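For reference, the structure is listed below as structure tokens.
Every value quoted in this text rests on a predicted model; they were computed, and no experiment measured them. All ligand and atom numbering here is 1-based and tracks the order in the structure.
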Amino acid sequence: MLSEVLLVSAPGKVILHGEHAVVHGKVALAVALNLRTFLRLQPHSNGKVGLNLPNIGIRRAWDVASLQLLDTSFLGHSDGAVLTAEHVEKLKEVAGFPEDCVDPERLAVLAFLYLYLSICRSQRWTEENLELINKWAFQGERVIHGNPSGVDNAVSTWGGALRYQQGKISSLKRPPALKILLINTKVPRSTKALVANVRSRLLKFPEIVAPLLTSIDAISLECERVLGEMAAAPTPEHYLVLEELIDMNQHHLNALGVGHASLDRLCQVTTAHGLHSKLTGAGGGGCGITLLRPDLERPEVEATKRALSGCGFDCWETSIGAPGVSVHTATSLDASVQQGLDSL
Ligand code: PMV
């Protein structure tokens, strides 16, 4: 049992290049953002374990005693082990959810229950052990996305900028702290369905789609090379190359069928301000990223953000290469984060 409040955070992430292609064995470049999710673990003496996810409107509590009485033998013993469809079905029973529930809020509850029950069962929690955290995070991802590549949990665990290919991870040395806009179109989408659609398109048109994946792979490698050069001495030309890579990848992703009218709109709006954008992640709505060159004047950035907000999108200005999962003391937290946590 925790004796005091534990504050932990992990960075959000975006995929710079390689989404979808990574599912088919190609390279992806993923970076941690200076936009973090904070978790406050707080001991209670009311015999309950509570889950409060204010951003998605979740507030649930379970009696610890009744959770302890559950037969969790179905979860097995190994650390961050393999989650099966049967596990998910049993968890739905525990949570009292219908068998066919797919809404992200309920899936988030299931991911929490799975991790809570499994970690308590194995009675092991080693904060420093990033490998272990990454394995658990991967299983949580699997509850939500089915068959994820593993790139998302890896970059949020280790932070920085990662090259990821078929489970092999390497960190990019000293990635430049590129500034970007992260834009949420607020159009909901299912990563699982989009990944499945790309697979079907690959099977239907192998001669057409396989070269697209190979080209996306080459874009990721070229981006990695340019970021490497920028670590030593960034030049305006480097930014121009990054912008070209963004444009080419966005067109490829459209050809894979994961574009969306909202993402087209996002690209048009930023093009009108002389900026370059692509979708990030699964596509079909969701989020996009826009590169902010260092020569941009503040009023130009503000005007772009206003235009994007005018389309109904949420927009954050952030930078890439943030630290991975971290533990905080209350005093080291930003006042706004502290306030947010206190208001829960
Ligand atoms: O939509 P996100 O942020 O979960 O990213 C999905 C990335 C894909 O490459 C499409 C799938 C994956 O598992 O890598």
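- Summarising the geometry of S149 relative to V22, their closest heavy-atom pair is OG-CG1, 3.7 Å, with the distance given to 0.1 Å.
- Using a cut-off of 4.0 Å between Lys/Arg side-chain N and Asp/Glu carboxylate O, E302 and R306 are scored as not salt-bridged.
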Can you produce the list of protein nitrogen or oxygen atoms under 3.5 Å from a nitrogen or oxygen of ligand 1, alongside each distance?
unit_1	atom_1	unit_2	atom_2	d
ligand 1	1 (O)	R189	NH2	2.7
ligand 1	1 (O)	A282	N	2.9
ligand 1	3 (O)	K13	NZ	2.7
ligand 1	4 (O)	H145	NE2	3.3
ligand 1	4 (O)	D152	OD2	3.0
ligand 1	9 (O)	H20	N	3.0
ligand 1	13 (O)	S149	N	2.7
ligand 1	13 (O)	S149	OG	3.3
ligand 1	14 (O)	S149	OG	2.5

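- Using a 3.5 Å distance cut-off with no hydrogens or angles, the side chains of H238 and T235 do pair a donor with an acceptor.
- Contact check on K92 versus E99 returns no salt bridge, with no Lys/Arg side-chain nitrogen under 4.0 Å from an Asp/Glu carboxylate oxygen.
- No salt bridge links K90 with E93; every basic N to acidic carboxylate O contact stays at or beyond 4.0 Å.
- Using a 4.0 Å cut-off between a side-chain N of Lys or Arg and a carboxylate O of Asp or Glu, E300 and R293 do not qualify as a salt bridge.
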